[in-house]
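Okay, so here's the structure we're looking at.
Just so it is clear, the values below take in all heavy atoms, side chains as well, and ignore hydrogens, waters and symmetry mates.
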There are 2 protein chains.
Amino acid sequence: MAATCEQDPARVAERMLALKDAIELLSGKWKFCILLNLYNLGPMRFKDLQETSLGITPKVLSKELQELEDNLLITRTVNATKPVTVSYALTPHAVETQPVIEALVEFGLKHRRKIKQL
Amino acid sequence: MAATCEQDPARVAERMLALKDAIELLSGKWKFCILLNLYNLGPMRFKDLQETSLGITPKVLSKELQELEDNLLITRTVNATKPVTVSYALTPHAVETQPVIEALVEFGLKHRRKIKQL
DNA sequence: ATAGTCACTTTCCTAAAGGTAACGAATAGC
DNA sequence: GCTATTCGTTACCTTTAGGAAAGTGACTAT
């Protein structure tokens with residue numbers, strides 16, 4: 001392991017800043033899970049997201065959804081149903097996160113095998 | 001946005017667990033930065049990692065490096081130099097994280113453009 | 001009138017992440 | 001002996017993330 005892929009310093013610095021931006025936006029215990037659920041199951045209501053995310057509390061879910069909305073990754077639409085329902089859906093911009101999630105899932109699967117084979 | 005790529009439930013659940021594993025291992029402010037630096041610049045010493053990571057303190061760097069080593073992503077080798085130096089290098093297993101980092105950098109670059117164009 | 005559902009909000013709390021500053025062991029040079 | 005370098009550790013503190021439990025408001029069914 002010593003890829004040492006040298007590049008021009010400006011590009012290296014720009015990429016490091018981009019990485020820090022992405023980390024700041026997406027890190028935490030829940031955001032990737034929420035996005036993965038929306039990929040898998042399409043637009044979902046609050047209650048369904050709470051159930052499929054396994055363990056999240058309404059307060060935290062509410063906060064995470066707001067942050068994702070602020071960053072233009074999901075939309076929030078209120079439906080005029082009998083008990084009001086609210087749908088959360090991915091925005092077009094959210095497709096940019098799919099490679100990240102896919103790569104994380106792949107890493108998780110491989111890492112689990114790696115650690116088991118001790 | 002409503003990809004709704006249905007899959008069999010067992011696979012969905014397995015992938016969600018893998019995602020949670022990956023998040024638990026890699027989340028936080030510094031691990032991806034350290035890994036990116038090792039990709040860009042090859043094996044590095046403690047001091048150099050501290051400088052290129054911009055803002056990390058020795059205590060935190062020490063902790064992060066230990067966790068990465070415990071998870072078989074980096075190796076730690078002591079060199080018999082005059083003031084002792086220590087090199088940190090990526091393991092073969094660490095290549096599995098490269099797609100994740102690349103995807104995060106790409107997302108960060110695109111997101112920055114997206115937000116600027118308000 | 002009472003009870004239930006949905007989508008939250010509020011209050012309170014704990015645990016973990018992360019930062020600051022100083023110190024220590026080993027070695028070397030002046 | 002004094003200082004510097006490298007790679008940390010230790011003690012202390014602040015901030016943030018996250019969780020538990022209850023409540024709110026709008027509506028609906030019984």
Side-chain angles (χ1 to χ4, degrees), chain A residues 16 19-38 41-71 73-89 104, chain B residues 16 19-38 41-71 73-89 104:
Chain A
M16 179 60 86
L19 179 60
K20 294 207 179 198
D21 282 354
I23 290 170
E24 196 177 344
L25 204 157
L26 295 170
S27 80
K29 199 171 170 182
W30 298 111
K31 292 205 184 69
F32 285 121
C33 297
I34 292 167
L35 293 173
L36 179 58
N37 278 325
L38 290 173
L41 306 169
M44 298 175 78
R45 290 173 304 143
F46 190 88
K47 198 70 180 302
D48 295 333
L49 276 169
Q50 195 184 331
E51 277 156 15
T52 54
S53 295
L54 298 174
I56 198 169
T57 58
K59 172 196 147 180
V60 175
L61 179 56
S62 183
K63 199 198 68 182
E64 304 288 291
L65 289 171
Q66 273 178 41
E67 289 175 14
L68 289 172
E69 199 191 353
D70 292 345
N71 283 289
L73 292 177
I74 62 171
T75 57
R76 178 181 186 276
T77 56
V78 180
N79 310 114
T81 49
K82 331 305 179 71
V84 170
T85 57
V86 181
S87 303
Y88 296 92
L104 276 169
Chain B
M16 180 60 87
L19 180 60
K20 294 208 177 199
D21 283 353
I23 290 169
E24 197 177 343
L25 205 156
L26 295 170
S27 78
K29 201 171 169 183
W30 297 112
K31 293 207 182 69
F32 284 121
C33 297
I34 292 167
L35 292 172
L36 180 58
N37 277 324
L38 290 173
L41 306 170
M44 299 176 78
R45 291 173 305 144
F46 190 88
K47 199 70 181 306
D48 295 334
L49 276 170
Q50 196 184 332
E51 277 156 14
T52 54
S53 294
L54 297 174
I56 197 168
T57 58
K59 173 196 148 183
V60 174
L61 178 55
S62 182
K63 200 199 68 182
E64 302 287 292
L65 290 170
Q66 273 178 40
E67 290 175 11
L68 289 173
E69 199 190 354
D70 292 345
N71 282 290
L73 293 177
I74 62 170
T75 56
R76 177 183 186 276
T77 56
V78 180
N79 309 116
T81 48
K82 332 302 179 70
V84 169
T85 58
V86 181
S87 303
Y88 296 91
L104 276 169

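Counting to the nearest Å, the P atom of C:dA16 and the CD atom of B:E64 are 15 Å from each other. As rounded to whole Å, 19 Å separates atom P of C:dT5 from atom CG of A:N79. Following rounding to the nearest Å, A:M44 (CE) and C:dC8 (C1') show an atom-to-atom distance of 17 Å. For the pair B:I56 CD1 and D:dG8 P, the interatomic distance rounds to 13 Å; values are reported in whole Å.
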CA sep, side-chain torsions, deciding dist, call: B:K20, A:L54, side-chain contact (heavy atoms from CB on, under 4.5 Å): CA-CA 11 Å; B:K20 294 208 177 199; A:L54 298 174; 4.3 Å; yes
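Comparing D:dG8, C:dT9, C:dG19 by their nearest atom to the side chain of B:V60 picks out C:dG19. Proximity note for B:P58 (side chain, C-beta onward) versus C:dT5, C:dC8, D:dT9: the nearest is D:dT9. Comparing D:dC7, C:dC6, C:dC8 against the side chain of A:R76 picks out C:dC8 as the nearest. The A:R45 side chain lies nearest to C:dC6 when the options are C:dC8, C:dC6, D:dG8. For A:Q66, counting side-chain heavy atoms from C-beta on, the closest listed nucleotide (C:dG18, D:dT9, C:dT9) is C:dT9.
In terms of the side chain to side chain contact (heavy atoms under 4.5 Å, CB included) criterion, residue partners of B:N79 (sequence neighbours excluded) are, by chain and number, B:T77, B:T81, B:T85, B:S87.
Put simply, the side chain of B:K59 and the base of D:dG8 share no donor and acceptor less than 3.5 Å apart.
Sequence neighbours left out, the pairs with a member in residues 54-67 of chain B that pass salt bridge (Lys or Arg N to Asp or Glu O under 4.0 Å) are B:K31-B:E64, B:K31-B:E67.
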